[in-house]
Amino acid sequence: MSPRLRFIFHYPEGSGPDADALAAGPLHEIAAAAERAGFDGFSLSEHPAPGARWLASGGHQTLDPLVALAYAAAATQRLRLVTNLAVAPYRNPMLLAKAAATLDVLSGGRFTLGLGAGYQKSEFHALGVELDERNALFDEALEVLPLHWSGEPFSYRGRHFDAREVIARPRPVQRPIPIWIGGNSRLARRRAAERAQGWLTMSGPPQLAATARTPALGSLAELAAQISEMRAAAETAGRPEPLDVVYSYPDRSIADPAADADRHRAAFAEIEKAGVTWVVVSSGTREPSATQEFLTAFGETYLTATA
């Protein structure tokens, strides 16, 4: 992978119970525009059953990320398609593995599976999944996914399923599909070091960390130390390949990409120096022309020289 910092455009997701999930523009057009602008990735998050109270307090609606990213795949050629993030405990891991492999095959090997343990208590209830089991179910999924993707016979007895001599085809193009582990906890970093290809941090205000049931991320200096510790743990575990680190850019003034560009460039340089390999940005736009304008301006300001 190139050493340069890479950028992911996260499709804007509207807040509130009446938000239009496609207000930012037709998904295939926005994905294609992000690719033209020089972005390396395109991401969507997941909330299949958001609660009314959470939505009223600022929560957001989403598309189904796996279905929507498959649609985006058909409109793009090189853009990496990322779940940022999908909630592993919400699905039987066989269904998750099959959907991921299908998307990887259909996109020609461009899918990255960002996974988290989940945090919305009401959503767990709505889906019939015990919140207290989320970490055990997450670990089961991390064990099952590579077995399923191998295309070879395997058996696995989980908490709520018993797979006997399963053979799952087609195999994904990538061996394996990259998994990025979401969350800021020591457990998230351990999972990334031992079982995944990257760490998907959650940056934002303290209230976001409290809502998402994960520690606050801290300063870039603290992040750099955590990244070094995680990569050292991966090497100790016999995994010398470099781990990706994903960081969501928290400065909302980036919504006007050309304004104060030198300050943003300096911030990106510091983020890269800390060991981050991918930065997620979004536009917060609520209508197609504004989204297109953001993508063009961001590309011309930050991506033209590196695309």
Side-chain angles (χ1 to χ4, degrees), residues 45-48 65-66 82-101 103-104 111-121 123-166 168 171-172 174-202 209 211-215 217 226-227 229-239 241 243-246:
S45 63
E46 173 170 65
H47 283 292
L66 294 162
V82 182
T83 52
N84 181 19
L85 44 69
V87 181
Y90 285 174
R91 296 176 179 83
N92 178 296
M94 305 293 166
L95 293 175
L96 177 61
K98 175 62 75 171
L103 178 46
D104 195 59
F111 180 50
T112 295
L113 181 58
L115 283 179
Y119 60 88
Q120 282 288 326
K121 187 174 182 180
E123 203 159 55
F124 274 85
H125 287 321
L127 298 172
V129 181
E130 291 293 331
L131 181 67
D132 291 344
E133 290 188 325
R134 66 186 186 133
N135 280 309
L137 296 175
F138 194 175
D139 286 333
E140 281 186 0
L142 292 175
E143 292 174 358
V144 169
L145 289 169
L147 296 173
H148 190 286
W149 294 337
S150 74
E152 301 299 327
F154 75 96
S155 298
Y156 189 96
R157 186 176 184 85
R159 286 188 170 218
H160 305 295
F161 67 94
D162 186 8
R164 305 178 184 181
E165 286 297 293
V166 170
R171 294 183 177 96
Q174 299 176 99
R175 305 291 182 86
I177 295 172
I179 296 173
W180 289 347
I181 303 294
N184 299 337
S185 67
R186 184 177 296 274
L187 176 59
R189 296 195 299 277
R190 179 174 63 78
R191 283 174 172 143
E194 295 177 355
R195 297 184 176 183
Q197 287 68 48
W199 176 31
L200 208 166
T201 67
M202 297 185 70
T211 301
R213 300 173 185 263
T214 194
L217 190 58
Q226 292 170 342
I227 292 170
E229 178 185 285
M230 178 188 65
R231 288 178 171 151
E235 289 188 16
T236 300
R239 307 185 70 232
E241 66 274 13
L243 290 175
D244 279 311
V245 177
V246 188

- Can you sort out the partners of Arg91 under side chain to side chain contact (heavy atoms under 4.5 Å, CB included), two or more places apart, ordered by chain and number? Glu46, Asp64, Leu66, Ala86, Leu96
- Task: Check for a donor-acceptor pair, side chain of Thr83 on one end and backbone N or O of Gly114 on the other, with a separation under 3.5 Å.
- Result: yes
- For the student: nearest non-hydrogen atoms of Leu243 and Arg231, plus distance: O-NH2, 2.8 Å
- Message: Nearest 0.5 Å, please: how far is NE2 in His47 from CD in Gln120?
- Response: 6.0 Å
- Just how far is it from atom CZ of Phe161 to atom CG of Asn92, taken to the nearest 0.5 Å? 5.5 Å
- Item | Backbone N/O of Ala193 and side chain of Arg239: donor-acceptor pair under 3.5 Å | yes
- Task: Mind checking side-chain hydrogen bond (donor to acceptor under 3.5 Å, both in side chains) for Asn135 and listing every partner two or more places apart, or none if nothing turns up?
- Result: Arg191
- Query: Who are the side chain to side chain contact (heavy atoms under 4.5 Å, CB included) partners of Glu143, not counting sequence neighbours?
  - Reply: Tyr156, Arg195
- Query: Can you find a heavy atom in the side chain of Leu145 that is under 4.5 Å from one in the side chain of Leu113?
  - Reply: yes
- With sequence neighbours left out, the residues meeting side chain to side chain contact (heavy atoms under 4.5 Å, CB included) with Asp162 are Arg157, Arg164
- Message: Quick check for you: to the nearest 0.5 Å, what is the distance between Asp104 atom CG and Thr112 atom OG1?
- Response: 8.5 Å
- When rounded to the nearest 0.5 angstrom, what is the spacing between NZ in Lys121 and CG in Asp132? 8.0 Å
- Scanning both residues in full, the closest heavy-atom pair of Ala188 with Ile181 reads O-CG2, 3.6 Å
- Considering non-hydrogen atoms only, spot the tightest contact between Asn184 and Trp199 and give its length. CA-CZ2, 4.2 Å
- Item | Non-neighbouring partners of Tyr90 that pass ring pair (Phe, Tyr, Trp, His ring centres under 6.0 Å), sequence neighbours left out | Phe124
- Non-neighbouring partners of Glu165 that pass side-chain hydrogen bond (donor to acceptor under 3.5 Å, both in side chains), sequence neighbours left out: none
- Looking at side-chain heavy atoms only, is the closest gap between Arg134 and Val129 below 4.5 Å? no
- Message: If the condition is side-chain hydrogen bond (donor to acceptor under 3.5 Å, both in side chains), which residues does Gln197 pass it with, not counting sequence neighbours?
- Response: none
- Message: Strictly distance-based, threshold 3.5 Å: is any side-chain N or O of Asp244 a donor or acceptor partner for the main-chain N or O of Trp180?
- Response: no
- Residues forming a side chain to side chain contact (heavy atoms under 4.5 Å, CB included) with Glu133, sequence neighbours excluded: Glu130, Leu137, Arg159, His160
- Task: Taking all non-hydrogen atoms of both residues into account, name the closest pair between Pro89 and Ala117 and its distance.
- Result: CG-O, 3.4 Å
- Test log, rule side chain to side chain contact (heavy atoms under 4.5 Å, CB included), inputs Leu142 and Leu115: CA-CA 9 Å; Leu142 292 175; Leu115 283 179; 4.3 Å; yes
- Item | Heavy-atom side-chain contact between Leu127 and Val87 under 4.5 Å | no
- Taking the side chain from Arg175 and the backbone from Trp149, do they hold a donor-acceptor pair closer than 3.5 Å? no
- Test ring pair (Phe, Tyr, Trp, His ring centres under 6.0 Å) applied to Phe138 - qualifying residues, sequence neighbours left out: none
- Query: Is there a donor-acceptor pair under 3.5 Å between the side chain of Glu140 and the backbone N or O of Pro93?
  - Reply: no
- Query: What is the minimum heavy-atom distance between Val245 and Met230, and which atoms define it?
  - Reply: CG2-CE, 3.8 Å
- salt bridge (charged side-chain N to carboxylate O under 4.0 Å, His left out) partners of Arg171, counting only residues at least two apart: Glu152
- Query: For Thr201, what residues pass the side-chain hydrogen bond (donor to acceptor under 3.5 Å, both in side chains) criterion, not counting sequence neighbours?
  - Reply: none
